[in-house]
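Here's the structure, in structure tokens; my notes come after.
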Number of protein chains: 4
Amino acid sequence: MDMIIRLESASGRPLYQQIVDQVKHMVAAGTLRSEDRLPTVRELAADLIVNPNTIAHAYQQLEREKVIETRRGLGSFICNSGSPLSKAVRIAMVADLIDRALVEAHHLGIEADGVRAILEDRLVQLGRSEEKSHV
Amino acid sequence: MDMIIRLESASGRPLYQQIVDQVKHMVAAGTLRSEDRLPTVRELAADLIVNPNTIAHAYQQLEREKVIETRRGLGSFICNSGSPLSKAVRIAMVADLIDRALVEAHHLGIEADGVRAILEDRLVQLGRSEEKSHV
Amino acid sequence: MDMIIRLESASGRPLYQQIVDQVKHMVAAGTLRSEDRLPTVRELAADLIVNPNTIAHAYQQLEREKVIETRRGLGSFICNSGSPLSKAVRIAMVADLIDRALVEAHHLGIEADGVRAILEDRLVQLGRSEEKSHV
Amino acid sequence: MDMIIRLESASGRPLYQQIVDQVKHMVAAGTLRSEDRLPTVRELAADLIVNPNTIAHAYQQLEREKVIETRRGLGSFICNSGSPLSKAVRIAMVADLIDRALVEAHHLGIEADGVRAILEDRLVQLGRSEEKSHV
DNA sequence: GTGGTCTAGACCACA
DNA sequence: GTGGTCTAGACCACG
């Protein structure tokens with residue numbers, strides 16, 4: 001199975017960050033599971049046609065966030081260990097992201113109920129993408 | 001009334017982006033309303049003790065997003081936009097931000113109910129800052 | 001004032017890690033205080049005769065650990081914000097380091113009281129180096 | 001009796017180093033005593049499911065540190081060393097490790113009394129693992 | 001001028 | 001063969 005990552009070099013978002021985002025998304029969606037092995041740094045670099053250092057940077061950030069663990073000489077693997085951050089910090093991080101979504105929603109003319117509906121929809125989508133990957 | 005903006009030079013988020021965020025936040029909360037006049041670039045630069053270029057950059061972005069309108073020789077004013085984007089596009093933009101929050105929440109060990117609770121909390125916070133502005 | 005860092009390229013310990021260690025040591029000892037400005041990446045690179053990327057790597061790690069904060073376009077500054085890690089994790093980290101010291105002490109024939117004495121001595125030294133820097 | 005070693009492939013710490021640490025820990029705790037025989041390289045490699053080279057590397061380092069002694073054709077044995085280093089050097093080595101713990105503790109917001117408490121706790125833990133080995 | 005990102009390519013430790 | 005470290009040098013966003 002290939003891990004499918006799609007980079008947009010024009011997006012302004014750093015390449016390594018796009019990789020981090022997409023791996024985290026796949027883990028949250030269940031497409032990648034605990035103990036799954038990621039492509040090696042060199043493989044993914046060749047696949048995405050970017051410098052191996054860029055991939056290494058992304059993998060190191062994923063490891064710092066405890067999304068993956070790297071076993072020397074073997075490769076990198078998804079792990080599901082809990083975040084070492086304090087609960088208050090974790091909630092603040094999510095609250096900040098929710099805040100941004102709410103402000104943006106207001107400017108786009110989407111009210112509270114609309115945001116609630118979108119939230120429920122995305123929760124379902126994230127859950128279902130797991131089933132999709134088994135079809 | 002002064003427009004109160006608080007910058008964190010350490011947040012990693014660019015200063016101009018923080019200004020954009022906070023102006024949009026104030027509009028979302030009702031602290032700023034259509035036709036309200038913003039401080040001039042120079043005034044705000046002196047107030048926040050930052051480079052005027054930084055303020056100008058922020059105002060330009062706000063104008064691009066149709067949050068404010070600059071009238072030659074008169075200053076910048078909040079305009080009630082009415083987003084020109086289609087409903088589907090607008091929902092997709094908010095859904096994308098919600099998605100990021102959900103992915104992050106998953107990795108921080110915060111489940112669906114936790115995110116719902118945070119959403120309700122932030123909705124209340126946004127509402128309250130509106131009430132404060134009515135005092 | 002120069003920030004004095006001494007690298008041993010033969011020590012096996014990565015250069016960037018040696019820089020991180022020494023900055024943290026100086027902060028703990030009071031030689032560097034909140035709001036003190038660090039040399040720029042390029043300055044320190046020229047000073048230590050290493051690649052600027054190596055310094056940048058060290059500074060980024062210090063920022064992740066909330067030892068310094070970097071203000072875009074201005075430089076890096078010592079900050080004294082608390083660790084975002086949960087208390088249990090923080091205690092475990094220190095306990096692990098203490099454990100290593102205890103095991104090493106045993107193999108070197110130093111018993112519990114000896115280690116306690118060394119601890120008290122180092123506590124005093126760390127405190128005093130602050131006074132020394134003011135002479 | 002088997003020598004129980006538990007490796008964490010995710011810890012970042014090299015496997016061979018973890019083996020060295022744990023053997024030294026067992027000697028410090030009294031679980032292993034002078035003249036005790038260690039498993040052969042092949043036995044331990046099979047037991048831990050790692051490359052024999054890794055075990056050999058660990059044993060070589062233990063021998064360099066005079067923790068074990070390899071007797072041709074007989075195997076490896078714990079030796080009660082008696083470090084050849086001068087007292088001043090030995091104290092300096094432990095002091096350096098304590099220093100690192102203190103610097104880390106400072107940055108994690110753990111004060112002197114907290115470190116003292118952790119030290120006493122770890123001393124008790126080391127002692128208890130010795131008692132367990134007497135059962 | 002400041003740090004951040006990315007490329008290219010070398011060397012080393014580890015398994 | 002795997003990732004980690006370091007060098008060298010380019011380009012860009014930010015202030």
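Computed from a predicted model, the values in this text were never measured in an experiment. As a basis for the values below, the full set of heavy atoms in this structure was taken, side chains included, without hydrogen atoms, waters or symmetry mates.
- Atom NE2 in B:H57 sits 11.5 Å away from atom CD1 in B:I55 (nearest 0.5 Å).
- Salt-bridge formation is detected for the pair B:R71/B:E69: a Lys NZ or Arg NE/NH1/NH2 atom is positioned less than 4.0 Å from an Asp or Glu carboxylate oxygen.
- Between the P atom of F:dC14 and the CD atom of B:Q61 lies a distance of 9 Å, rounded to the nearest Å.
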Polar atom pairs between nucleotides 9-11 of chain F and protein, under 3.5 Å, N or O only, would you list them?
| residue | atom | partner | partner atom | Å |
| --- | --- | --- | --- | --- |
| F:dG9 | O6 | C:N53 | ND2 | 3.0 |

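- The phosphate of F:dC14 has OP1 or OP2 within less than 4.0 Å of a side-chain N or O from B:Y16.
- Listed nucleotides: F:dG3, F:dG15, E:dG4. Nearest to the side chain of C:Q60: E:dG4.
- Taking every heavy atom of both residues into account, D:V41 and D:P52 meet most closely at CG1-O, 3.5 Å.
- In this structure, the CD1 atom of D:I19 is 11 Å from the C1' atom of E:dA15, given to the nearest Å.
- Sequence order on DNA chain F of the closest nucleotides to C:I49 and B:L15 puts C:I49 first from the 5' end.
- Listed here is the closest heavy atom pair of C:M3 and C:P39: CE-CD, 3.5 Å.
- Comparing F:dG4, E:dT7, F:dG15 against the side chain of A:E63 picks out F:dG4 as the nearest.
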Expected output check: what is the dot-bracket annotation of DNA chain F, where ( ) and [ ] are pairs inside the strand (brackets for crossing ones), | is paired with another strand, and pairs are Watson-Crick or G-U under 3.5 Å?
||||||||||||||.
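- The nearest whole Å value for the distance from the CG atom in A:L62 to the P atom in F:dG3 is 13 Å.
- For the OP1/OP2 pair of E:dT7 and a distance below 4.0 Å, the side-chain nitrogens and oxygens of A:T54 include at least one atom meeting the criterion.
- For the residue pair B:S76 and B:Y59, the shortest heavy atom distance occurs at OG-CD2, 3.8 Å.
- With 3.5 Å as the limit, one finds a donor-acceptor pair spanning the side chains of D:S11 and D:Q18.
- Protein atom CD of D:Q18 is 12 Å distant from nucleotide atom C1' of E:dC14, rounded to whole Å.
- A:Y59 comes within contact range of no nucleotide atom at all, as no heavy-atom separation falls under 4.0 Å.
- Summarising the geometry, the separation between NE2 on A:H57 and P on E:dT5 is reported as 6 Å, rounded to the nearest angstrom.
- Of the two residues near DNA chain E, A:L74 and C:R72, the one whose nearest nucleotide lies more 5' is C:R72.
- For A:I55 and E:dC6, the CD1 to P distance is 10 Å, given to the nearest whole Å.
- To the nearest angstrom, C1' of F:dG15 lies 15 Å from CG of B:L44.
- For the pair B:E8 and B:R13, the minimum side-chain heavy-atom distance is 4.5 Å or more.
- Of the two residues contacting DNA chain E, namely C:G73 and D:P14, the nearest-nucleotide position lying further toward the 5' end is that of C:G73.
- Which of E:dG4, F:dG3, E:dC6 sits closest to the side chain of C:T70 comes down to E:dG4.
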